[in-house]
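So that the names make sense, note that chain A is the first sequence line, chain B the second, and so on, each numbered from 1.
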There are 6 protein chains.
Amino acid sequence: MGIVVENIERADPEVIAGLAECGVATVHEAQGRSGLLASYMRPIYPGARIAGSAVTISAPPGDNWMVHVAIEQLKDGDILVLAPTSPSDAGYFGDLLATSAMARGCRGLVIDAGVRDVADLTKMGFPIWSHHVCAQGTVKETPGSVNVPVVCAGALVNPGDVIVADDDGVCVVRREAAGDVLKAAEARMANEEAKRKRLAAGELGLDIYGMRERLKEKGLKYV
Amino acid sequence: MGIVVENIERADPEVIAGLAECGVATVHEAQGRSGLLASYMRPIYPGARIAGSAVTISAPPGDNWMVHVAIEQLKDGDILVLAPTSPSDAGYFGDLLATSAMARGCRGLVIDAGVRDVADLTKMGFPIWSHHVCAQGTVKETPGSVNVPVVCAGALVNPGDVIVADDDGVCVVRREAAGDVLKAAEARMANEEAKRKRLAAGELGLDIYGMRERLKEKGLKYV
Amino acid sequence: MGIVVENIERADPEVIAGLAECGVATVHEAQGRSGLLASYMRPIYPGARIAGSAVTISAPPGDNWMVHVAIEQLKDGDILVLAPTSPSDAGYFGDLLATSAMARGCRGLVIDAGVRDVADLTKMGFPIWSHHVCAQGTVKETPGSVNVPVVCAGALVNPGDVIVADDDGVCVVRREAAGDVLKAAEARMANEEAKRKRLAAGELGLDIYGMRERLKEKGLKYV
Amino acid sequence: MGIVVENIERADPEVIAGLAECGVATVHEAQGRSGLLASYMRPIYPGARIAGSAVTISAPPGDNWMVHVAIEQLKDGDILVLAPTSPSDAGYFGDLLATSAMARGCRGLVIDAGVRDVADLTKMGFPIWSHHVCAQGTVKETPGSVNVPVVCAGALVNPGDVIVADDDGVCVVRREAAGDVLKAAEARMANEEAKRKRLAAGELGLDIYGMRERLKEKGLKYV
Amino acid sequence: MGIVVENIERADPEVIAGLAECGVATVHEAQGRSGLLASYMRPIYPGARIAGSAVTISAPPGDNWMVHVAIEQLKDGDILVLAPTSPSDAGYFGDLLATSAMARGCRGLVIDAGVRDVADLTKMGFPIWSHHVCAQGTVKETPGSVNVPVVCAGALVNPGDVIVADDDGVCVVRREAAGDVLKAAEARMANEEAKRKRLAAGELGLDIYGMRERLKEKGLKYV
Amino acid sequence: MGIVVENIERADPEVIAGLAECGVATVHEAQGRSGLLASYMRPIYPGARIAGSAVTISAPPGDNWMVHVAIEQLKDGDILVLAPTSPSDAGYFGDLLATSAMARGCRGLVIDAGVRDVADLTKMGFPIWSHHVCAQGTVKETPGSVNVPVVCAGALVNPGDVIVADDDGVCVVRREAAGDVLKAAEARMANEEAKRKRLAAGELGLDIYGMRERLKEKGLKYV
């Protein structure tokens, strides 16, 4: 009963590039603290920061057949997002699939399950955010679906939504909202830059943000 | 109902420096295997080894207001220790707060909750031991307390107690006991150095520690 | 009631070296997806890839006495495998024991419990796959056994079985089967090399593996 | 930035009653194995089986203010569904709120956080499926939203969707699809009843479902 | 290095009885939301509600020797509180120890580890709040301490502090504060009774607590 | 590559009945504290105590096809033991399979995965020890094996081994050792009965077991 949706809309590439610059924490704040995946999603190596359009995969537990199907649907700048239909720590993805995905322009993988060959994947510079690292292989027996809405690590991801991922985790931005979120995120960064200088000079947040009065009203006592 | 205790006593800076030299495993042994925080407290990057005086924070879940209050109380060589009053994986602390804390002489953060901006924090060299890494932001709505006793990751920490942290985890040393613990830790290190040489030369622990007789008494059989 | 089995059989050193080359994911596939330890077993530093003969330890919770006993039984190229009889995150093993084990030719440690001194162990280049990192020490009160079959992280390990470990986790190969598994693993690697080139050139797994027909039969629809 | 949506559509009460009869496992199968909440959602007492329309709550961690707001929106036959915006095990809900919700016709609560007063709630016969039981109280400081789409325990719940819950867990059925899912579920139950009789008489599933041939083709060997 | 403190002070028996009446959630609120043990502490059977004076045990992992020592220190109305020095799920306590503890007037056990013989313990009506149920036995090899301060399931418990436990979990009340906490808890219960009647009659919390204005100020919108 | 072993040896039915009488904690002690499954294996309802011969199932994640195959292999008094090859919380087993298994004389199920229809299974009196309760269904796509050795919840189970299960958990006894273990368990129970009387009369374990001297030698101090 699986389906593959072949034509999905994607956000503007410049907007996507801008969101990558801003990073997960800023983007997440800029869209009202929504869209974050569970904090158990960790990068296989530190230092990557990417954004791209989601090509989604709904896959049975321990079955990676749909990854092959999804790779054909990739366009330059996409990110694969895989959600298993039942928890699994099996290694759905390794260096061969990464080779294939990179050849199609894929920027990375977000998977609420396991991956393997992480030493090779690190050398190749293919970034992955996963729930597990596990050498356990998978079968190719049961179809799932590609480019349908999935719930991945607790967050709803629609095909074509923008995924932002860095060392702080993974965040999803609705495709239609990406431009507005970028504006809000850039405003936030400009604002932060000014504050960073004042804080580095030893000024206190209590004074910069004018918090002393409100803390007093709420009953904070110094003893 | 929050309070801030402004004047706390701290241990002798030379004793604190000595405890940092010894490291967590040795200090923990030297004070009778007590004071260790839960092993889920992990460093955001490897290689840091610090000691300092605890400035403690009791904060509501998902509310980092008290961190701003605590930063004003920091003196050179202090370490922030934050315990939420209910479990939370939210990111209480990021690069702006670290900039502010470093400007006040803070050596690091120990937090039984989440942090974010870990790529920037790594570049800045601000060491953190946390339960989670998570981009989820926090609010500033409910006061907590600063410099009251807290239970952080299962261990009681009083303000002014000495925190020792390295790649093995985090240990707390009572302020009044810090001098005695340092003496015991240094004796232990000297003793270990001698043993390391004999073990590196191929001598067995069974012989160095005279264990063969006692194992026989306890019924160990070779077959 | 503890016992120590002194003479165990080991696999052919060249076969062991060959298995190390292949790595965990390939070896695990080559022996029919069996023998993998639970995915919570993680390396203390990235990049190590080893294979060796298992010297097994069954130890009480929080008691590392048997590690000293096991070190005497080590031969060049062995790997220590420790399973506690009840869950424990205590640090059974640190830099002194590693110094002693290395002096006896030990290649590494696999332990379903905790280790400590990980900064020193990383500098020494002694690789460990563990369930926890924890500075909590252990006692030497109750004997266990050495070189008996143990269940470690969910997998049965017999003394003399071959352990393969890398960044993907840990796999055990039965001693008697090691030669056959190596042949199957090497065949698999040769096959993968050819596929990697085709995938890197942009060919799809769907075509290389002829999956399109079977997916259609199973009802996959493109929309 | 919180909002409350006051008028939501609900499914036909007879359809809802029919879905309660079928139970979670059957409904979940009948809609293509989708819509299940994570298996950590457990009933506070055994034996309840309910269905109703979701009134959803998105609440900050450790803040139950929105529960009061949501109770005003309840109609007879509704079920409250609460998702915190960051993980929390705090007790958001106890016997006073249950008294209020029951007075408004509420059939139960599904909450990806904690509840308390479970002895009283059991005596009152107010069924709850929760992630935690915890006496820790909450504050009323930060607004959230009522009747917006939420992701609860990994599943997307829209306001007005049908919630089915019993000892096997919790399942959500899209409001628009409820009638069709009920038909499929009833067909499934009729079919199961016939099979149950044959199985009780000792006939084998291998024969009833004609599995022997297909197992042979897949290579199963009897030895 | 273990010690046993023989004479500890206890709170007034009438105050203790009053705290049992109030239950964990009310007592925890009445003392400013402090003193709660982690929510993973669950009763072995539903329906018990007790309070008593803590006789504390600090025990090594997998070693229940100190339970025998502690039983001698019990007085009528006491509750045993056991904290292991390293995590353990072993079964420290079963029906024989319960028989002995009951003969000394003990009201129950709170243990951040495992227990066994739970079917017999249920029949005997000896209530236990534990982290695990596990048949794994323990040894009697290493002394610990009795009646020293312990951190149990994340909360500090001093000998003689009052333990309150029911189906919602476990809470500790400082011995010196027990009388004041009881007064605050009883006031809270009287207040709740009045509210319960109004809520049962269909009045809304929004009106009873006058929340509408404050929600409007915080920006809540009805749409 | 699946296999089904059709003829397995079983232990003497009277020995099996005797082991059920003794219960898990006693049997586990009597065989030297070995053979216990992980403590996360919990009964779906309290009060059952059974023993029987293991018919083992090695099954892929989320695929219950082999349960049908295994049911044909059941003889009167057997217990099904299912271990998935990769972690899964899916519901492999429900009321239809239980109807079929009971018709073949099966006494219960031990499964390191999920089950569903637990309300019906409770009414039918079919006891199950599982890792999860979950309504998520499974497929029938990939063969596994029946009556091969499996590692279930961390313990090795051979086909024909005796499974003992009650409210304390699950224990496996090697088939060849079952008679000896029963003798040791019965001796242990007789011994416990005498001690229970003395303890109920208020005598202390410290005196009955003569522990005072040994505690003194180990350095325990009364203060």
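- The two residues B/L204 and B/R212 come nearest to each other via the heavy atoms CD1-NH2, 3.8 Å.
- No side-chain N or O of C/D63 forms a donor-acceptor pair with one of C/Y92 less than 3.5 Å apart.
- For chain C, no part of B/R198 is nearby; none of its heavy atoms comes within less than 4.5 Å.
- Both the backbone and the side chain of B/L215 come within contact range of chain C, each with at least one heavy atom under 4.5 Å from a heavy atom of that chain.
- Contact annotation for C/V69: both backbone and side-chain heavy atoms come within less than 4.5 Å of a heavy atom of chain B.
- Within the 4.5 angstrom heavy-atom criterion, only side-chain atoms of C/D95, from C-beta onward, approach chain B.
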Give the C-alpha distance, both sets of side-chain angles, the deciding distance and a yes or no for salt bridge (Lys or Arg N to Asp or Glu O under 4.0 Å) between B/E29 and C/R116.
CA-CA 12 Å; B/E29 289 289 338; C/R116 57 184 186 173; 3.0 Å; yes
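- A centroid separation of 6.0 Å or more is found between the aromatic rings of B/Y45 and B/F126.
- Of the atoms belonging to C/R104, it is side-chain heavy atoms, and not backbone ones, that fall under 4.5 Å from chain B.
- Only the side chain of C/D89 has a heavy atom closer than 4.5 Å to any heavy atom of chain B.
- Using a 4.5 Å cut-off between heavy atoms, C/V148 makes no contact with chain B at all.
- A 6.0 Å sphere centred on CD of C/E72 holds more than 12 heavy atoms belonging to other residues, nucleotides or ligands.
- Looking at C/H132, only its side chain comes within 4.5 Å of chain B, counting heavy atoms on both sides.
- For B/E192, the parts lying under 4.5 angstrom from a heavy atom of chain C are both the backbone and the side chain.
- In this structure, C/C171 and C/Q31 have side chains that are in contact, with non-hydrogen atoms separated by less than 4.5 Å.
- A salt bridge links B/D78 to B/R10: at least one charged side-chain nitrogen sits closer than 4.0 Å to a carboxylate oxygen.
- Looking at C/D161 and C/R174, a side-chain N of the basic residue comes within less than 4.0 Å of a carboxylate O on the acidic one, giving a salt bridge.
- Each of B/V170, B/T26, B/L199 has some count of heavy-atom pairs under 4.5 Å with chain C, and the biggest count is that of B/L199.
- Using a 4.5 Å cut-off between heavy atoms, B/Y40 does not touch chain C at all.
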